[in-house]
Amino acid sequence: MSPYQHSTFPAELYGGRLTIDLNAIAANWSDLNNRLIGETECAAAIKADAYGAGQAKVGPRLFEAGCRTFFTAVPTEAVELRQILPEATIYVLDGLLPGTAEHFLGQNIRPVLGSLEELEEWAGICRSAGKSLAAAVHVDTGIHRLGLSPQEFQASMQNKELLGPFVPSLIMSHLACGSVPDHPMNREQLDRFRELTASFPSIPKSLANSAGILMSSEYHFDLVRPGIALYGGMAIETAPNPMKPVAKVEAKIMIVRDVPQGDTIGYGAKQTAHRPLKNAVIAAGYADGMLRRASSSDDRPGGFGMIGGHKAPILGRISMDMITLDVTDVPEHLLRRGAFVEMLGPNVAAAEIAAYAETIDYEYLTSLGRRFERVYGPLS
Ligand SMILES: *Cc1c(COP(=O)(O)O)cnc(C)c1O
């Protein structure tokens with residue numbers, strides 16, 4: 001089979017193209033895996049359709065690379081993944097939503113039990129079954145999202161009557177501030193996690209997301225759960241990104257036009273041409289996941305695209321279906337009608353565009369591409 005996998009329609013019918021490099025995702029997984037010492041297992045967070053990259057393609061490619069444990073967010077994602085990967089270990093981070101236990105058992109999917117109620121329900125099922133059924137227990141070490149409180153965790157893990165035959169397949173917690181390694185909360189959560197889990201030497205433990213892996217081996221424990229780093233994103237804000245880019249968005253030029261000095265561009269007339277400008281209108285907008293907050297105005301700069309090594313700043317507001325770019329300084333021959341402009345990729349980091357929109361690359365990546373042609377293959 002060709003490494004290129006095209007979407008439903010002929011390429012010319014799309015306004016833009018999203019290319020995803022599965023080999024780069026696999027290489028990022030191997031890179032992270034190689035940073036682990038001893039028996040530590042490298043799993044993969046594959047929630048939100050593999051951060052927008054497509055779980056149906058990413059799952060099998062990571063399995064082929066050696067990944068055996070996957071974390072989805074909601075049960076529907078896990079059920080879909082089970083159909084593709086019959087042998088993988090699959091966890092659901094959101095845990096045991098009401099009425100889902102049968103589905104978990106029937107599909108051999110493991111909930112991450114995130115509250116005392118969920119633990120009680122699962123332990124009850126184990127007592128009825130007369131055996132332990134695999135599930136993780138999430139203990140909150142400070143993020144105050146999911147997880148049993150430290151007190152609940154300690155009390156219930158000593159309560160033989162409550163647990164019955166249930167033994168967690170994994171004890172996990174989640175870092176709140178991994179993207180800022182110097183943040184004191186990282187160390188606090190690490191210490192708390194160590195303390196809380198010290199009495200369970202035979203149960204595997206997991207604390208690290210991507211940032212935790214990159215921070216230090218102290219955070220690795222028995223299993224790590226990288227997400228964003230697999231998809232080329234920026235796990236740590238204060239250091240250069242060591243991962244390979246895995247996605248590229250290109251949009252087609254529809255028209256190139258002149259804007260006289262003093263005129264304005266786009267909705268709201270918030271961006272004035274401060275000199276005579278040449279403006280390219282491309283076929284991608286916020287309905288394609290382009291972040292509207294990365295628009296420009298006279299008060300603040302916006303994001304940019306790249307055309308043949310030339311930067312093309314966003315001019316004015318990003319609309320639903322199109323973006324206007326300043327191509328005044330881009331050579332004429334690159335500005336053909338139908339030519340592609342890179343809006344994300346090796347030359348336009350998702351994190352950089354996300355920063356203009358005051359958000360993070362996680363949000364940019366997971367909002368991408370419902371309307372783009374989707375191609376699986378190399379980025380260049
Ligand atoms: C999303 C998530 C991860 C992966 O986080 P990244 O920052 O993308 O590496 C790991 N653990 C939990 C609990 C998560 O929710």
Side-chain angles (χ1 to χ4, degrees), residues 25 28-29 31-33 35-36 40-53 55 58-59 62 67 69-75 77-78 81 89-97 110-115 118 135-148 168-181 183 185-186 189-190 193 204-216 219-239 241-244 246-247 350-351 354 359-368:
I25 296 176
N28 285 338
W29 184 85
D31 174 343
L32 296 173
N33 189 37
R35 294 167 193 255
L36 308 176
T40 301
E41 179 185 349
C42 192
I46 197 166
K47 59 196 182 186
D49 204 22
Y51 290 47
Q55 157 174 291
V58 173
L62 286 176
C67 183
T69 302
F70 295 83
F71 289 85
T72 61
V74 290
E77 295 172 337
L81 188 62
T89 297
I90 302 174
Y91 283 100
V92 172
L93 288 165
D94 281 5
L96 201 59
L97 290 169
R110 305 177 177 189
V112 176
L113 304 169
S115 70
E118 290 181 18
V137 172
H138 192 162
V139 56
D140 178 29
T141 49
I143 193 170
H144 289 100
R145 228 170 48 166
L146 296 178
L148 280 75
S169 54
L170 184 73
I171 300 173
M172 59 164 266
S173 194
H174 192 47
L175 297 169
C177 303
S179 60
V180 184
H183 199 294
M185 190 142 166
N186 292 314
Q189 287 193 272
L190 176 61
F193 189 64
K205 298 164 193 68
S206 175
L207 178 61
N209 59 353
S210 302
I213 300 172
L214 299 175
M215 250 190 313
S216 133
Y219 291 85
H220 293 181
F221 294 89
D222 302 296
L223 180 144
V224 296
R225 314 181 303 268
I228 194 72
L230 298 175
Y231 309 105
M234 186 126 160
I236 288 186
E237 286 166 18
T238 52
N241 184 352
M243 313 314 293
K244 280 185 200 294
V246 312
T359 183
I360 52 176
D361 47 3
Y362 294 67
E363 184 179 353
Y364 193 19
L365 292 173
T366 53
S367 61
L368 278 181

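Counting starts at 1 for both ligands and their atoms, in listed order. When reading the values below, keep in mind they use all heavy atoms of this one structure, side chains included, and skip hydrogens, waters and symmetry mates.
- Which parts of ligand 1 touch R145 is read off a 4.0 Å heavy-atom cut-off, strictly below it: atoms 15 (O).
- Using a 4.0 Å heavy-atom cutoff, Y51 is listed among the residues neighbouring ligand 1.
- Scanning all protein heavy atoms for the shortest distance to atom 1 (C) of ligand 1 gives K47 NZ, 1.4 Å.
- Contacts between A45 and ligand 1, counted as non-hydrogen atom pairs separated by less than 4.0 Å, involve the side chain only.
- Atom 9 (O) of ligand 1 has as its closest protein heavy atom S210 OG, 2.5 Å.
- Not a single heavy atom of A235 sits closer than 4.0 Å to an atom of ligand 1.
- Using a 4.5 Å cut-off on side-chain heavy atoms (C-beta onward), V224 and Y219 make no contact.
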Just distance, no hydrogens or angles: give the donor-acceptor pairs under 3.5 Å from side chains in residues 138-148, sequence neighbours left out.
from	atom 1	to	atom 2	distance (Å)
D140	OD1	G142	N	2.9
D140	OD1	I143	N	3.0
D140	OD1	H144	N	3.0
D140	OD2	H144	N	3.3
T141	OG1	S173	OG	2.7
T141	OG1	Q189	NE2	2.9
H144	ND1	G142	O	3.2

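- The distance criterion of under 3.5 Å between nitrogen or oxygen atoms is not met by L93 with respect to ligand 1.
- Atom CG of D361 sits about 8.0 Å away from atom CG of N241, to the nearest 0.5 Å.
- The shortest N or O to N or O distance between N209 and ligand 1 is under 3.5 Å.
- Two residues are said to be in side-chain contact when any heavy atoms from C-beta on lie closer than 4.5 Å; M172 and L223 fail this criterion.
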Inset, instruction - Check the pair I213 / L36 against side-chain contact (heavy atoms from CB on, under 4.5 Å), numbers first and verdict last. - result: CA-CA 8 Å; I213 300 172; L36 308 176; 4.2 Å; yes
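- Counting heavy atoms under 4.0 Å from ligand 1, residue R225 touches it through both backbone and side chain.
- Every atom of ligand 1 is numbered from 1 in the order shown, and the set under 4.0 Å from a heavy atom of P226 is 9 (O).
- At a threshold of 4.5 Å between non-hydrogen side-chain atoms, the residues S169 and R110 count as touching.
- Looking from atom 7 (O) of ligand 1 to the surrounding protein, the closest heavy atom is Y362 OH, 2.6 Å.
- For ligand 1, one of its N or O atoms has an N or O atom of I228 under 3.5 Å away.
- Annotation for S210 and A229: closest pair OG-N, 3.1 Å, computed over non-hydrogen atoms.
- Taking the six-membered ring for Trp and thresholds of 30 and 60 degrees, Y362 and Y51 have ring planes inclined between 30 and 60 degrees apart.
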